[in-house]
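In listed order, ligands and their atoms are each counted from 1.
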Amino acid sequence: MPAPTPTTDQIMQYEADHVAQTYKRAPFVLSHGAGVTLFDTDGNAYLDWVAGIAVNALGYGDPELTQVIQSAATGLIHVSNLYHTAPQAQLAKALCERSFADRVFFCNSGTEAVEGAIKFARKAAYEKGRTDKTEIVTFTGAFHGRSMGALALTPREKYQKPFQPLMPGAKLAEFNNLESARAVINERTAAVIVEPVQGEGGIHPATTEFLRGLRDLCNQHQALLIFDEIQCGMGRTGTLWAHEFSGITPDIMTLAKPLAGGLPVGAILLTEAVANTMHPGEHGTTFAGGPLVTGVANVVLERVSQPEFLAHVQKVGDYLIERLSEINSPLIKAVRGRGLMVGLELTVEVTPLVESGYRHGLILVNAGTHVLRFVPPLVVEKQHVDTLVERLTAMLAAHKG
Ligand SMILES: Cc1ncc(COP(=O)(O)O)c(C=O)c1O
């Protein structure tokens with residue numbers, strides 16, 4: 001007999017007693033969702049501005065997504081990369097046709113994609129006999145993950161300090177400062193990694209000049225340019241890839257979060273020259289690119305690539321920035337972002353506002369200490385923006401220190 005469904009209090013107690021306490025969870029239990037709304041076990045509704053942290057691009061209960069997951073589940077779920085399956089091959093082809101890339105390596109998360117990108121970059125140098133070319137340049141405010149390599153490229157003391165020594169060879173420059181980048185990129189640089197729009201660091205778009213300058217510096221020093229589009233890619237900024245505004249392309253691009261509509265997935269997009277430096281057995285993982293996950297990702301990619309879908313993201317994103325900019329509150333310092341990746345920088349810490357959001361039927365998340373980040377399902381509508389702005393205005397007016 002299956003165990004009886006636990007009560008809301010029991011669920012929270014089990015979590016407190018048995019789950020490793022590495023997350024601070026909201027004080028309710030989510031049970032289901034519809035569109036851009038989440039519901040908890042007590043029947044409360046929340047307008048979702050987080051989307052599982054920039055993951056659930058098609059929102060909740062999307063009929064096509066549900067149908068494809070159901071039908072994929074009746075087929076093969078996993079077989080290993082020792083064998084061919086159609087969905088993985090189709091997804092690789094579709095990703096390459098829609099990007100700069102010639103080949104794709106699949107993995108299971110963003111961190112894994114970054115970790116793999118580091119290995120590809122190092123291997124590309126090694127294959128040329130350049131065993132001295134091992135440095136990876138990263139930028140202030142970057143977030144690339146929490147494994148020992150990716151963490152070395154995530155320059156936040158709180159995250160890094162207890163885990164030293166990390167991967168050697170990480171070099172830090174200032175984001176959006178080309179002179180600072182020029183000072184650390186040299187013949188020892190294997191790769192430069194950058195988010196075209198920084199997410200966790202507080203929603204900071206890179207400038208066109210900065211990305212182009214990095215491309216030139218990489219060319220000059222035979223270093224690879226890696227764009228981390230794990231958070232900003234796949235339609236989030238109103239173009240399929242966030243870097244499109246810059247008019248340049250990378251050698252490697254990491255993807256994850258929304259690619260399979262909420263199922264765990266990661267992908268490393270590669271030029272032919274980079275991909276060809278890694279040979280059978282030199283990198284791999286058990287679950288990656290499985291037929292169920294990639295079957296679903298094919299549908300998500302097809303949907304978010306549609307020009308009407310991207311135009312919708314652009315339109316609602318512009319409206320979000322416009323409406324947030326109209327809020328008259330002394331607590332607001334700046335509104336910035338691109339598409340549906342928007343940050344509201346405040347003069348106060350945002351954690352109390354995230355908590356107050358729960359009481360006002362809003363799911364909100366921070367990016368750093370002073371920025372509220374809006375990364376909703378990409379199917380959000382203008383009317384939801386109006387509801388957000390109305391509630392947020394009231395919350396900011398009532399905010400005490
Ligand atoms: C830009 C960026 N890179 C890497 C990661 C790590 O991805 P994951 O949490 O899937 O391991 C994240 C996660 O927030 C991210 O935003």
Side-chain angles (χ1 to χ4, degrees), residues 20 22-24 49-57 105-121 136-156 158-160 163 166-167 170 175-176 191-206 211 214 225-237 241-243 250 252-269 285 287-289 293 296-297 300 337-343 364-368 371-376 378:
T22 63
Y23 303 101
K24 196 170 173 306
W49 290 91
V50 180
I53 316 192
V55 170
N56 304 322
F105 178 90
F106 290 107
C107 51
N108 308 289
S109 71
T111 300
E112 257 187 71
V114 169
E115 207 66 35
I118 297 170
K119 279 186 71 177
F120 270 102
I136 314 270
V137 173
T138 185
F139 296 97
T140 50
F143 186 92
H144 297 297
R146 297 167 186 268
S147 57
M148 297 311 257
L151 184 57
L153 305 176
T154 299
R156 189 119 43 111
K158 181 180 159 202
Y159 295 161
Q160 290 188 338
F163 306 104
L166 301 168
M167 175 186 77
F175 185 69
N176 270 342
V192 173
I193 184 164
V194 66
E195 296 157 80
V197 181
Q198 284 191 340
E200 303 295 313
I203 313 293
H204 294 283
L211 294 187
L214 292 182
L225 182 59
I226 306 173
F227 283 164
D228 180 343
E229 295 222 5
I230 287 164
Q231 186 157 162
C232 61
M234 284 287 288
R236 167 88 22 216
T237 63
W241 312 122
H243 66 263
I252 301 177
M253 178 164 75
T254 52
L255 299 178
K257 288 179 178 286
L259 179 55
L263 298 179
V265 68
I268 310 171
L269 275 60
T285 167
F287 288 116
V293 171
V296 175
V300 178
R338 200 169 271 146
L340 284 168
M341 185 169 183
V342 173
L364 302 173
V365 71
N366 67 305
V371 177
L372 272 180
R373 166 175 35 166
F374 302 95
V375 283
L378 301 180

Item to complete: Would you check if the side chain of Lys257 reaches a backbone N or O of Ile53 as a donor-acceptor pair within less than 3.5 Å?
Response: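 Between the backbone of Ile53 and the side chain of Lys257 there is a qualifying donor-acceptor contact (under 3.5 Å).
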
Worksheet entry | Any donor-acceptor pair under 3.5 Å from Arg236 side chain to Leu340 backbone |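 The answer is yes, because a donor-acceptor pair under 3.5 Å joins these two groups.
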
Item to complete: Would you mind running through ligand 1 and noting each atom that sits below 4.0 Å from a heavy atom of Glu195?
Response: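 Within the 4.0 Å cut-off of Glu195, ligand 1 contributes 1 (C).
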
Worksheet entry | For Gln231, atoms of ligand 1 separated by under 4.0 Å from a heavy atom |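 Those of ligand 1 that fall under 4.0 Å from Gln231 are 14 (O), 16 (O).
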
Quick one: look up the protein heavy atom nearest [atom] and list residue, atom name and how far away it is.
{"atom": "atom 11 (O) of ligand 1", "value": "Thr111 OG1, 2.5 Å"}
{"atom": "atom 3 (N) of ligand 1", "value": "Asp228 OD2, 2.7 Å"}
{"atom": "atom 2 (C) of ligand 1", "value": "Phe143 O, 3.3 Å"}
{"atom": "atom 10 (O) of ligand 1", "value": "Gly110 N, 2.8 Å"}

Looking only at heavy atoms, which two atoms of [X] and [Y] are closest? And how far apart?
{"X": "Pro196", "Y": "Glu229", "result": "CG-OE2, 3.6 Å"}
{"X": "Ser109", "Y": "Glu112", "result": "OG-N, 3.2 Å"}
{"X": "Ala142", "Y": "Pro155", "result": "O-CD, 3.5 Å"}
{"X": "Ile230", "Y": "Gly110", "result": "CD1-O, 3.3 Å"}

Practice prompt. Check if Lys257 has a non-hydrogen atom at a distance under 4.0 Å from any atom of ligand 1.
Written response: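 Heavy atoms of Lys257 do come under 4.0 Å of ligand 1.
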
Worksheet item: If you measure every N/O of Val114 against every N/O of ligand 1, is any gap under 3.5 Å?
Response: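 No, since none of the N or O atoms of Val114 sits under 3.5 Å from an N or O of ligand 1.
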
Worksheet item: Any N or O of Ile230 that comes nearer than 3.5 Å to an N or O of ligand 1?
Response: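 So ligand 1 has no N or O lying under 3.5 Å from an N or O of Ile230.
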
Worksheet item: Given that the side chain starts at C-beta and the backbone is N, CA, C, O, which of these parts of Glu112 lies under 4.0 Å from ligand 1, counting heavy atoms, or is it both or neither?
Response: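 It is neither; nothing of Glu112 touches ligand 1.
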
Worksheet item: When rounded to the nearest 0.5 angstrom, what is the spacing between CZ in Arg338 and CD1 in Ile203?
Response: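 So the gap between those two atoms works out to 11.5 Å.
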
